[in-house]
Amino acid sequence: MKPPLCAAALLACLTGVSGMPAARAADVRALPRVNMEATVKAAQIDPRRSDDKPTPGARAGVLLVERALRDRHLLDAKWVDGYFGTTTVVAFARFQRSLGLTGLAADGLPGKASLTRLGAGRFTVTHTIGPGARVSVGGVVVDTRTRNMLVEAERLLGRDLVLLQGSYNRGGDPTSAGTHDGGGVVDISVEGMRSATRVAVVRALRRVGFAAWVRNPDQADWPWHIHAAAINDTDLSSQAQHQIGDYYLGLNGLAGRGLDDGPKVTIRTWEEYQRR
């Protein structure tokens, strides 16, 4: 007869982590969790709100992030409130720079690497997301996540979309006001489309996780086109983040912050769409 497994050995088996001591595995399991999807969403929406109401589903994770920033003397205790407002964005950007990160990786929007580093020994990160590698689509550059979203929107529409401008196009088009400087943002041609078709394209884009609008020459010095920004793309420029926050708040993503003039759909991220 084989001797019974000791409690520690049994726990090690249950963790499924080979070579990890049972006590350490239990400690990892016991750490609180930060849902990255919800936290990144809050970092886009909360700074655009006129009140301090936390983004639904994000408060617990944001509190953990803010406490970690406070303990690193990057955030004053009075701002530890579960609301990922501008002050928390600035504090998170300071933490990212302390890691040696620069550019899009240090703009205050949590990325997988920086969020994991902040949580070391304090919390585990779940529902991780990332933009993926940069790829060429129709002659413009986008990230892999954005490309996959576009492919699914085309499938829903039963037609191909022609891109006028892609992502990572810093300084490429002054009328874009910096929205294309990072990832997740595209402009789409509406040439040959009727009004109803333009709306149908925006609806499909919104369904798969874009904040999207039809833009017209009456709004600014640009031709008719569709502008789309991928919600929760962690490479978004600050300007694009603001557009997405406004989209959640029922606004049109323009500087004047007018009411949303697009089709009404259930707002989802790409990951939420895939799980629907």
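In this structure, Asp51 places its CG atom where more than 12 heavy-atom neighbours from other residues, nucleotides or ligands lie under 6.0 Å away. Counting non-hydrogen atoms of neighbouring residues, nucleotides and ligands closer than 6.0 angstrom, the CZ atom of Arg194 reaches no more than 12 such neighbours. No more than 12 heavy atoms of other residues, nucleotides or ligands lie within 6.0 Å of CZ in Arg117, so this atom counts as exposed by the packing criterion.
Residues Tyr247 and Tyr273 are members of separate hydrophobic clusters, defined by side-chain heavy-atom contacts under 4.5 angstrom among Ile, Leu, Val, Met, Phe, Trp and Tyr. Hydrophobic clustering (ILVMFWY, side-chain heavy atoms < 4.5 Å, transitive): Val199 and Ile226 are in distinct clusters. Under a hydrophobic-cluster definition in which Ile, Leu, Val, Met, Phe, Trp and Tyr are linked whenever side-chain heavy atoms come within less than 4.5 Å, directly or via other members, Val202 and Leu251 are assigned to different clusters. Ile129 and Phe84 fall within a single hydrophobic cluster, where Ile, Leu, Val, Met, Phe, Trp and Tyr side chains are chained together by heavy-atom contacts under 4.5 Å. Cluster annotation: Leu99 and Phe123 are assigned to the same hydrophobic cluster (Ile/Leu/Val/Met/Phe/Trp/Tyr, side-chain heavy-atom contacts under 4.5 Å, transitive).
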Quick one: do Thr87 and Leu75 satisfy side-chain contact (heavy atoms from CB on, under 4.5 Å)? Show the steps, please.
-> CA-CA 8 Å; Thr87 304; Leu75 184 68; 3.8 Å; yes

Stepwise, does the side-chain contact (heavy atoms from CB on, under 4.5 Å) test hold for Val186 with Leu161?
-> CA-CA 11 Å; Val186 295; Leu161 299 175; over 6 Å; no

Carefully, step by step, assess Arg145 and Glu271 under the rule salt bridge (Lys or Arg N to Asp or Glu O under 4.0 Å).
-> CA-CA 10 Å; Arg145 181 177 184 267; Glu271 290 74 24; 2.8 Å; yes

Mind running side-chain contact (heavy atoms from CB on, under 4.5 Å) on Thr269 and Val40 for me, showing each step along the way?
-> CA-CA 11 Å; Thr269 67; Val40 171; over 6 Å; no

Please lay out, stage by stage, how Thr88 and Tyr83 fare under the test side-chain contact (heavy atoms from CB on, under 4.5 Å).
-> CA-CA 8 Å; Thr88 303; Tyr83 175 79; over 6 Å; no

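The minimum heavy-atom distance linking Leu236 with Ala240 is given by the pair CD2-CB, 3.8 Å. Nearest approach of Thr175 to Trp222, heavy atoms of both residues: O-CZ3, 3.5 Å. Nearest heavy-atom pair across Ala153 and Val208 is N-CG1, 4.1 Å. Looking at every heavy atom in both residues, Ser238 comes nearest to Asp107 through OG-CB, 4.3 Å. In terms of heavy atoms, Ile244 sits closest to Ala211 at CG1-CB, 4.1 Å. Contact detail for Gly111 and Met36: the closest heavy-atom pair is C-CE, 3.5 Å.
Side-chain contact between Glu272 and Lys41 is present, with at least one heavy-atom pair separated by less than 4.5 Å. You'll find the side chain of Asp233 stays beyond 4.5 Å of the side chain of Trp270, heavy atoms only. Here the side chains of Val89 and Leu109 are not in contact, with every heavy-atom distance at 4.5 Å or above. Contact annotation: the side chain of Val137 approaches that of Leu163 to within less than 4.5 Å [non-hydrogen atoms, C-beta and beyond]. Between Arg257 and Arg48 there is a side-chain heavy-atom pair separated by less than 4.5 Å. Using a 4.5 Å cut-off on side-chain heavy atoms (C-beta onward), Thr234 and Leu104 make no contact. Between Gln165 and Val140, every side-chain heavy-atom pair lies at or beyond the 4.5 Å cut-off. Between Lys112 and Val125, the closest side-chain pair of non-hydrogen atoms is not below 4.5 Å.
His227 and Gln243 share a donor-acceptor pair across their side chains, judged by distance under 3.5 Å alone. The closest side-chain donor-acceptor pair between Asn252 and Gln219, if any, does not fall under 3.5 angstrom.
Here His180 contributes atom NE2 and Ser167 contributes atom OG; the two are 7.5 Å apart, rounded to the nearest 0.5 Å. The distance from the CG atom of Leu115 to the OG1 atom of Thr124 is 10.0 Å, given to the nearest 0.5 Å. Atom CG of Asn35 sits about 11.5 Å away from atom CG of Leu64, to the nearest 0.5 Å. Taken from CH2 in Trp79 to CD in Glu66, the straight-line distance is 10.5 Å, to the nearest 0.5 Å. One finds the CG atom of Leu150 at 11.0 Å from the CG atom of Asp160 (value rounded to the nearest 0.5 Å). Between atom CG of residue Asp181 and atom OH of residue Tyr168 there is a gap of 11.5 Å, rounded to the nearest 0.5 Å.
In this structure, the side chain of Asn232 engages the main chain of Glu37 through a donor-acceptor pair within 3.5 Å. Looking at Trp224, its side chain never comes within 3.5 Å of a backbone N or O of Arg215 through a donor-acceptor pair. No donor-acceptor pair under 3.5 Å is formed between the side chain of Ser114 and the backbone N or O of Pro110. Thr179 contributes no side-chain N or O that, together with a main-chain N or O of Gln239, makes up a donor-acceptor pair within less than 3.5 Å. Of the possible donor and acceptor atoms, one in the side chain of Arg206 sits under 3.5 Å from a partner among the backbone N and O of Ala212.
A cation-pi arrangement is absent between Arg72 and Phe95, since the terminal nitrogen or guanidinium carbon is not both under 6.0 Å from the aromatic centre and inside a 45° cone about the axis.
A salt bridge links Arg122 with Asp71: the closest approach of a Lys/Arg side-chain nitrogen to an acidic carboxylate oxygen falls below 4.0 angstrom.
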